Amino acid sequence: MSQFLQTIVFGLATGSLIGVAALGLTLSYGVTGFINFAYGELLTVSAFSTWLGVTSGLPLVVAAAVAVLVVAGVALLLDHAFYQPLRGRGAMPLLITSIGLSFVLQNVLRMGFGADPRPFPVPLVRPWTIGSVFVPPVQAVVFATAVIAMAVLHVLLRRTMLGRRMRATAENDALARLSGVRTTATLRVTWVVSGLLAGLAGLMLGATETNVTATMGFVFLPVVFAAVILGGIGQPYGAMAGAMVVGIGMELGATYLSPDYTLAFAFAALVAALLFRPHGIFRGGATRGT
């Protein structure tokens with residue numbers, strides 16, 4: 001029983017990490033209408049930026065905050081330079097462009113930081129013990145961060161004028177524009193929010209992986225896709241629910257089957273969702289479903 005509870009603790013932490021990344025990805029899809037395949041590299045930029053900040057002498061908290069802002073800026077820059085000019089040409093040019101940017105960013109990071117792993121500067125802290133179950137503080141912080149991120153996003157989408165504009169743009173861009181919504185500005189803010197979530201997820205990924213590589217975000221992205229599709233693409237609440245299912249399932253598979261099957265479960269969940277529940281746990285679309 002203690003082994004099962006321990007696995008659930010790890011699964012909740014893994015699901016929280018996937019969930020924060022999935023929130024940013026599904027939010028950007030919900031408003032912009034295309035899946036950003038370069039999203040994984042935003043996580044990598046966050047982890048490397050934190051490493052660079054700490055090695056340059058900044059405290060970890062300051063370096064992490066700067067890294068999150070850097071990623072938000074990079075997300076906005078990519079939109080302004082590459083996605084916005086192609087927005088009126090359909091989803092395919094945007095999709096191909098994002099795939100190309102993914103490989104470009106990977107190689108830029110590899111040229112800048114090298115191919116060798118860099119240790120993520122997370123302090124070593126003794127795990128907490130609750131009965132026969134131990135809880136690493138890093139995983140507790142990851143879980144708490146996910147809860148806070150979900151709560152803030154809920155307030156943003158449901159209780160603010162910006163959230164109403166984002167939902168209106170997601171529902172019908174042309175109608176929103178005729179109603180006086182500045183859709184271009186709304187899209188830019190959406191990229192910033194998505195970038196902030198990606199920055200948080202990159203910090204969490206670096207802290208749990210303990211090492212940073214140029215391909216870490218790219219490798220992690222299929223797991224995020226699995227959570228997003230399982231939860232209903234474009235659905236923030238569904239993304240978090242799907243992330244928890246995938247995260248706990250991955251840890252159960254690693255514990256009771258083999259650690260080699262961890263990613264296999266994520267892909268199995270992805271295939272099962274596409275076959276039996278193509279609209280996801282929460283049927284509907286995009287931010288308008290919140």
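The structure displayed is predicted, hence computed values, not measured ones.
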**Message:** Using 0.5 Å steps for rounding, measure from the CZ atom of R89 to the CG atom of L94.
**Reply:** 9.5 Å
**Item:** CZ/F82: more than 12 non-hydrogen atoms of other groups inside 6.0 Å
**Value:** no
**Prompt:** So T7 and E251, side-chain hydrogen bond (donor to acceptor under 3.5 Å, both in side chains) or not? Walk me through it.
**Reply:** CA-CA 6 Å; T7 302; E251 294 298 333; over 6 Å; no
**Prompt:** Is there side-chain contact between T44 and T213, with at least one heavy-atom pair below 4.5 Å?
**Reply:** no
**Complete:** Taking every heavy atom of M216 against every heavy atom of A47, the minimum-distance pair comes out as SD-CB, 4.0 Å
**Complete:** The reported gap from CG in D79 to CZ in R188 (rounded to nearest 0.5 angstrom) is 7.5 Å
**Request:** Say whether, by atom type as modelled, one donor and one acceptor occur between the side chain of S194 and the main chain of T190 under 3.5 angstrom.
**Result:** no
**Message:** Among residues at least two apart in sequence or on other chains, which ones pass salt bridge (charged side-chain N to carboxylate O under 4.0 Å, His left out) with R177?
**Reply:** D173
**Message:** I'd like to check M244 versus S16 (side-chain heavy atoms, cut-off strictly below 4.5 Å). Are they in contact?
**Reply:** yes
**Request:** Would you give the length of the straight line joining atom CG of L187 to atom CD of Q84, rounded to the nearest 0.5 angstrom?
**Result:** 8.0 Å
**Request:** Please report the closest heavy-atom contact between S102 and E41, naming both atoms and the distance.
**Result:** OG-OE1, 2.7 Å
**side-chain contact (heavy atoms from CB on, under 4.5 Å) assessment of R110 paired with T215** = CA-CA 8 Å; R110 187 177 288 109; T215 58; 3.2 Å; yes
**Request:** Say whether V152 and L23 are linked into one hydrophobic cluster, either directly or through other cluster members, by side-chain heavy-atom distances under 4.5 angstrom.
**Result:** no
**Asked** Any side-chain heavy atom of W191 within less than 4.5 Å of one from T32?
**Response** yes
**Message:** Membership question, hydrophobic clusters at under 4.5 Å side-chain separation (ILVMFWY): are Y29 and L95 in the same one?
**Reply:** yes
**Complete:** Scanning both residues in full, the closest heavy-atom pair of A22 with V228 reads CB-CG2, 3.7 Å
**Message:** With heavy-atom distances below 4.5 Å as the criterion, would you say the side chains of F220 and L17 are in contact?
**Reply:** yes
**Prompt:** Is there a path of hydrophobic side-chain contacts, each under 4.5 Å between heavy atoms of I, L, V, M, F, W or Y residues, that connects L221 with V246?
**Reply:** yes
**Prompt:** Is the count of non-hydrogen atoms from other residues, nucleotides or ligands lying under 6.0 Å from H154 atom NE2 greater than 12?
**Reply:** yes
**Min side-chain heavy-atom separation R87-Y83 under 4.5 Å** = yes
**Request:** Say whether V147 and V141 are linked into one hydrophobic cluster, either directly or through other cluster members, by side-chain heavy-atom distances under 4.5 angstrom.
**Result:** no
**Fill in**
Here the gap from F225 atom CZ to L25 atom CG, rounded to the nearest 0.5 Å, amounts to 5.5 Å
**Request:** Find the distance between OG (S46) and CH2 (W51) and round it off to the nearest 0.5 Å.
**Result:** 14.5 Å
**Message:** Checking L78 against L105 for the side-chain contact (heavy atoms from CB on, under 4.5 Å) test, could you report, in this order, the C-alpha distance in whole Å, the side-chain angles of both residues, the deciding distance, and whether it holds?
**Reply:** CA-CA 11 Å; L78 293 178; L105 290 172; 4.1 Å; yes
**Prompt:** Is the F103-F218 ring centre distance short of 6.0 angstrom?
**Reply:** yes
**Asked** Under a 4.5 Å cut-off applied to non-hydrogen side-chain atoms, are V9 and V133 in contact?
**Response** yes
**Item:** Neighbour count >12 (heavy atoms, 6.0 Å) for atom CZ, R182
**Value:** no
**Prompt:** Do the side chains of Q3 and Y256 get nearer than 4.5 Å, heavy atoms only?
**Reply:** yes
**Prompt:** Shortest non-hydrogen contact from L203 to A64?
**Reply:** CD1-CB, 3.7 Å
**Prompt:** So how far is it from R118 CZ to T55 OG1, rounded to the nearest 0.5 Å?
**Reply:** 8.5 Å
**Asked** If you look at every heavy atom in L162 and V189, which pair is closest and at what distance?
**Response** CD2-CG1, 3.5 Å
**Request:** Grab the two heavy atoms, one from A198 and one from L42, that are nearest each other, plus how far apart they are.
**Result:** CB-CB, 3.8 Å
**Prompt:** When hydrophobic residues are tied together by side-chain contacts of less than 4.5 Å, even through go-betweens, does L27 share a cluster with F34?
**Reply:** yes
**Asked** Mind checking whether F120 and V54 have side chains closer than 4.5 Å, heavy atoms only?
**Response** no
**Asked** With no hydrogens and no angle check, is any side-chain donor or acceptor of S98 less than 3.5 Å from a backbone partner on F37?
**Response** yes
**Prompt:** Which residue pairs satisfy the side-chain hydrogen bond (donor to acceptor under 3.5 Å, both in side chains) criterion with at least one member in residues 238-250, sequence neighbours excluded?
**Reply:** none
